[in-house]
Undergrad: 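Before we start, here is the structure in question, set down as structure tokens.
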Amino acid sequence: MKECILTLVQNPYIILGVFGTLTLCIILLFIILITVIMKQNKTSKQIDDFMGSQYSQMNLEKLFVDFVKKSKIVEEQELNILAKMEEIDSKLTYTIQRVGVVRYNPFSDVGSDLSFSIALLDNTYSGFVITGIYTRQGSFTYLKPVRKGRGDENDQRYRLSKEETEAVQRAIASH
């Protein structure tokens, strides 16, 4: 050890070489530090441009975690909405969606087309027909059921007239 110190004292160029090498390493590390800082600033600017300036001071990890939480909430809401839509669709099948109207004059001695048949059907072509007959003696209203686009052929009371059948056909075609 004494010999090393003695050699260093006798030859100052070794000390200068060591200090010079250390100075070069410090300068090189300083240049690397400046380069890393510049790249980090460039990356931060790109993130600001991508995310918007309102998020520039926020922690990206927190932003990502918040995004995942919000996306799970949105996914749950979407599933709820889809379930409600299926429920509504199943109910809509049996709501009145098709309407057909026929006006006519069943009696030649009565003025104009004051009689009518209105068919109100759902998507299965079921519902009813309302018929209003106008005569000189009075006005009469009838209601007949319709199943799958037809009246009840087995029951004389619910057989559809020509005008009622036309109203049903118009209702089926109306959608």
Side-chain angles (χ1 to χ4, degrees), residues 36-175:
V36 168
I37 289 172
M38 289 173 57
K39 284 186 178 185
Q40 192 269 336
N41 286 340
K42 182 180 176 185
T43 303
S44 291
K45 185 178 180 328
Q46 288 174 336
I47 289 171
D48 287 348
D49 290 345
F50 178 72
M51 297 291 288
S53 61
Q54 74 240 22
Y55 297 109
S56 63
Q57 301 300 319
M58 295 183 76
N59 181 350
L60 288 179
E61 182 180 357
K62 183 182 180 321
L63 274 175
F64 183 73
V65 169
D66 289 347
F67 173 76
V68 169
K69 286 178 184 176
K70 288 178 183 177
S71 68
K72 286 181 182 178
I73 291 170
V74 168
E75 194 174 308
E76 289 173 5
Q77 289 174 338
E78 178 189 15
L79 291 174
N80 288 339
I81 290 170
L82 289 174
K84 289 283 184 190
M85 285 177 58
E86 286 180 19
E87 179 184 341
I88 290 169
D89 278 348
S90 67
K91 289 179 180 179
L92 279 178
T93 301
Y94 302 104
T95 60
I96 293 174
Q97 299 182 33
R98 300 169 183 271
V99 178
V101 177
V102 174
R103 291 180 57 120
Y104 58 95
N105 183 2
F107 309 108
S108 59
D109 61 337
V110 177
S112 62
D113 295 343
L114 296 177
S115 297
F116 63 89
S117 290
I118 300 174
L120 302 165
L121 307 177
D122 62 16
N123 257 358
T124 65
Y125 308 137
S126 298
F128 52 90
V129 176
I130 300 173
T131 299
I133 304 289
Y134 177 77
T135 68
R136 289 182 187 233
Q137 291 80 24
S139 182
F140 305 94
T141 307
Y142 304 93
L143 183 124
K144 296 180 183 177
V146 176
R147 298 282 178 255
K148 299 182 182 176
R150 297 177 168 221
D152 189 351
E153 298 299 323
N154 296 328
D155 191 339
Q156 180 67 29
R157 297 173 300 169
Y158 300 131
R159 286 190 184 156
L160 299 181
S161 69
K162 178 181 79 166
E163 293 81 10
E164 291 168 335
T165 302
E166 183 180 346
V168 168
Q169 293 305 315
R170 286 185 183 183
I172 290 171
S174 71
H175 204 321

Undergrad: Hey, could you give me the NZ/CZ distance between K62 and F67, rounded to the nearest 0.5 Å?
TA: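 Between K62 NZ and F67 CZ, I get 14.5 Å after rounding to 0.5 Å.
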Undergrad: Any heavy-atom pair between the side chains of N123 and L92 that's under 4.5 Å?
TA: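 A side-chain contact is absent here, since even the closest heavy-atom pair is not under 4.5 Å.
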Undergrad: Within this structure, what is the CD1-CZ distance for the pair I118 and R103, rounded to the nearest 0.5 Å?
TA: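 CZ of R103 is found 9.5 Å from CD1 of I118.
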Undergrad: Mind checking salt bridge (charged side-chain N to carboxylate O under 4.0 Å, His left out) for E166 and listing every partner two or more places apart, or none if nothing turns up?
TA: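 For E166, the residues satisfying salt bridge (charged side-chain N to carboxylate O under 4.0 Å, His left out) (neighbours in sequence not counted) are R170.
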Undergrad: Would you say that T141 contacts F116 through its side chain, given a criterion of any heavy-atom pair below 4.5 Å between the two side chains?
TA: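 Heavy-atom side-chain distance check fails, nothing below 4.5 Å.
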Undergrad: T131: which residues meet the side chain to side chain donor-acceptor pair (under 3.5 Å) condition with it, sequence neighbours left out?
TA: S117, E164
Undergrad: How many angstroms lie between atom CG of L143 and atom OH of Y158, to the nearest 0.5 angstrom?
TA: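 Those atoms lie 8.5 Å apart.
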Undergrad: Out of curiosity, T93 OG1 to I88 CD1, how far, rounded to the nearest 0.5 Å?
TA: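 Result: 12.0 Å between the selected atoms.
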Undergrad: How long is the gap from CG on L160 to NZ on K144, to the nearest 0.5 Å?
TA: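 Spacing of CG (L160) from NZ (K144) equals 6.0 Å.
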Undergrad: Apply side chain to side chain donor-acceptor pair (under 3.5 Å) to T124 and list each qualifying residue two or more places apart in sequence or on a separate chain.
TA: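 Partners of T124 by the side chain to side chain donor-acceptor pair (under 3.5 Å) criterion, ordered by chain and then number, come out as D122, S126.
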Undergrad: For S115, check side chain to side chain contact (heavy atoms under 4.5 Å, CB included) against everything at least two apart and list the hits.
TA: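 So S115 forms a side chain to side chain contact (heavy atoms under 4.5 Å, CB included) with Y104, P106, I133, Y134.
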Undergrad: Answer yes or no: is there a donor N or O on one side and an acceptor on the other, between the side chain of R98 and the main chain of L121, under 3.5 Å?
TA: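 Looks like no, no N/O pair under 3.5 Å.
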Undergrad: Applying salt bridge (charged side-chain N to carboxylate O under 4.0 Å, His left out), name anything that partners K91, two or more places apart in sequence or on another chain.
TA: E87
Undergrad: As an exercise, state the distance from CD1 of I130 to CG of L120, rounded to the nearest 0.5 Å.
TA: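 Separation between the atoms: 5.5 Å.
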Undergrad: Identify the two heavy atoms, one from V146 and one from Y125, that lie closest to each other, and give their separation to 0.1 Å.
TA: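 Result for this residue pair: CG1-O, 3.6 Å.
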Undergrad: Strictly by salt bridge (charged side-chain N to carboxylate O under 4.0 Å, His left out), give each pair with a member in residues 68-77 just once, sequence neighbours left out.
TA: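 Pairs touching residues 68-77 that pass the test: none.
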